[in-house]
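In what follows, residues are counted from 1 in the order of the sequence shown.
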Amino acid sequence: MLAIERRNEILEKLQTDRRVVVSELSQIYDVSEETIRRDLEKLVNDGYAIKSYGGAVINENINIDLPFNIRKNRNIIGKQHIASLVAERVRDGDSIMLDASSTAVYIAKCLQERGKKNLTIITNSIEIIIELFDVQDWTILSTGGASREGSFALVGPQTDKMLKNYHVDKAVISCKGFDIAAGFTDSDDLHANNKKTMLQSAREKILAVDSSKFDKIAFTEIGNLEDITLVITDEKPEAKWLQAFTDSGVQCVYPE
């Protein structure tokens with residue numbers, strides 16, 4: 001196994017168990033404890049973990065951008081619920097902007113599985129472009145832009161320039177944090193700006209966000225409740241949120 005593959009597996013284990021132990025990892029991967037310590041040191045230096053006695057614990061800072069393959073495998077059931085609810089609202093012939101979030105990948109897959117016809121998908125997600133590469137009757141448009149290591153995303157001013165050229169039926173974005181006062185936020189300025197542009201280019205502005213993001217605030221603002229028309233999430237929000245949605249005229253949809 002390559003070192004990068006082992007580190008990714010260790011990071012996945014950290015996401016699940018919240019803590020890892022050097023001696024246990026050494027036995028699991030049949031490598032020396034010194035090798036595992038170097039792996040953990042790399043994860044610590046990248047901001048994903050914090051050193052602890054005999055091992056490491058997960059870094060809970062929501063502004064840390066996890067590798068895309070790790071994010072894609074978190075809360076899979078919740079993302080599938082969200083994807084299904086989004087797909088129910090998509091009609092044949094719709095034009096849709098999808099951001100580069102892991103949730104958007106599940107949405108793209110679900111739209112394909114539901115047999116939606118004649119869709120136009122505009123996205124800055126390399127993963128979605130690959131996923132939909134051989135769909136026969138859809139039009140798939142890449143935004144272009146600068147590639148962002150680890151996120152499978154195209155970002156930056158060139159991405160915004162392309163997005164502003166189009167007016168679509170729906171934009172579906174996600175976020176890192178969702179707070180009633182602070183709005184919905186992200187850990188990265190370039191991603192946040194591209195998501196803003198998507199919302200501005202769409203008639204229906206959809207925030208697809210799982211319940212773990214509620215009452216969290218990340219580094220930079222994307223927008224507030226007045227900037228969206230619909231929230232789709234995986235669990236029924238607390239009463240304070242339902243009231244905030246009502247007050248702002250935002251519809252909220254979740255699994256019954």
Heavy-atom side-chain contact between [X] and [Y] under 4.5 Å:
{"X": "Thr120", "Y": "Val168", "result": "no"}
{"X": "Phe214", "Y": "Pro237", "result": "yes"}
{"X": "Glu33", "Y": "Ser23", "result": "yes"}
{"X": "Cys175", "Y": "Leu207", "result": "yes"}

Please report the interatomic distance [atom1]([X]) to [atom2]([Y]), rounded to the nearest 0.5 Å.
{"X": "Asp179", "Y": "Leu225", "atom1": "CG", "atom2": "CG", "result": "9.5 Å"}
{"X": "Ile228", "Y": "Lys205", "atom1": "CD1", "atom2": "NZ", "result": "10.5 Å"}
{"X": "Asp234", "Y": "Asp210", "atom1": "CG", "atom2": "CG", "result": "5.0 Å"}
{"X": "Ser211", "Y": "His81", "atom1": "OG", "atom2": "NE2", "result": "10.5 Å"}
{"X": "Phe219", "Y": "His191", "atom1": "CZ", "atom2": "NE2", "result": "13.5 Å"}
{"X": "Asp39", "Y": "Glu34", "atom1": "CG", "atom2": "CD", "result": "10.5 Å"}

Exercise for the section: Hey, can you tell me if Phe178 and Phe184 have their rings parallel, tilted or perpendicular (30° and 60° cut-offs)? Expected result: perpendicular
Taking all heavy atoms of [X] and all of [Y], pick out the closest pair and write down the distance.
{"X": "Leu154", "Y": "Gly144", "result": "CB-O, 3.4 Å"}
{"X": "Lys176", "Y": "Ser187", "result": "NZ-OG, 2.9 Å"}
{"X": "Ser32", "Y": "Thr35", "result": "OG-OG1, 2.9 Å"}
{"X": "Asn118", "Y": "Trp138", "result": "N-CD1, 3.9 Å"}
{"X": "Leu190", "Y": "Gly156", "result": "CD2-CA, 4.0 Å"}
{"X": "Glu221", "Y": "Thr185", "result": "CA-CG2, 3.9 Å"}

Short side-chain to backbone donor-acceptor contact, [X] and [Y], under 3.5 Å:
{"X": "Thr123", "Y": "Leu98", "answer": "yes"}
{"X": "Ser26", "Y": "Val31", "answer": "yes"}
{"X": "Asn224", "Y": "Glu226", "answer": "yes"}

Handout entry: Option from Asn124, Ile206, Ile222, Thr159 for which side chain to side chain contact (heavy atoms under 4.5 Å, CB included) with Met198 holds
Key = Asn124
Exercise for the section: Please say which of Ile128, Val135, Ile122, Ile121 ends up in a side chain to side chain contact (heavy atoms under 4.5 Å, CB included) with Ile140. Expected result: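 With Ile140 as partner, Ile128, Val135, Ile122, Ile121 yield a single side chain to side chain contact (heavy atoms under 4.5 Å, CB included), made by Ile121.
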Practice task
Determine which pairs satisfy salt bridge (charged side-chain N to carboxylate O under 4.0 Å, His left out) with at least one residue from residues 156-170, sequence neighbours left out, and list them in order.
Solution key: Asp94-Lys170, Asp169-Arg203, Lys170-Glu204
Practice task
Inspect the surroundings of CG in Asp92 and state if more than 12 heavy atoms from other residues, nucleotides or ligands are less than 6.0 Å away.
Solution key: yes
Same apolar cluster (I L V M F W Y, side chains within < 4.5 Å links), [X]/[Y]:
{"X": "Met97", "Y": "Leu111", "value": "no"}
{"X": "Ile4", "Y": "Ile36", "value": "no"}
{"X": "Leu230", "Y": "Ile173", "value": "no"}
{"X": "Leu141", "Y": "Ile107", "value": "no"}
{"X": "Val105", "Y": "Leu119", "value": "yes"}

Practice task
Output, in order, the C-alpha distance, side-chain angles, deciding distance and verdict of salt bridge (charged side-chain N to carboxylate O under 4.0 Å, His left out) for Arg37 and Glu41.
Solution key: CA-CA 6 Å; Arg37 288 191 187 93; Glu41 184 176 358; over 6 Å; no
Exercise for the section: State, without any angle test, whether Arg114 and Ser84 hold a side-chain donor-acceptor pair at a distance under 3.5 Å. Expected result: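 Checked: Arg114/Ser84 side chains pair up, N/O donor to acceptor below 3.5 Å.
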Handout entry: Arg19 vs Val21, side chain to side chain contact (heavy atoms under 4.5 Å, CB included): CA-CA, chis, key distance, verdict
Key = CA-CA 7 Å; Arg19 182 176 184 271; Val21 177; 3.1 Å; yes
Problem - Lys13 with Glu9: basic N within carboxylate O range, under 4.0 Å - result: no
Exercise for the section: May I ask you to say whether Asp99 pairs ionically with Lys195, meaning some side-chain N is under 4.0 Å from a carboxylate O? Expected result: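 Yes, this pair counts.
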Could you give the side-chain donor-acceptor pairs of residues 245-256 under 3.5 Å, partners two or more places apart or in another chain?
residue: Thr246; atom: OG1; partner: Leu242; partner atom: O; Å: 3.0
residue: Asp247; atom: OD1; partner: Gln243; partner atom: NE2; Å: 2.8
residue: Ser248; atom: OG; partner: Ala244; partner atom: O; Å: 3.1
residue: Gln251; atom: OE1; partner: Arg89; partner atom: NH2; Å: 3.4

Handout entry: side chain to side chain contact (heavy atoms under 4.5 Å, CB included) assessment of Trp241 paired with Asp215
Key = CA-CA 10 Å; Trp241 278 99; Asp215 298 311; 3.3 Å; yes
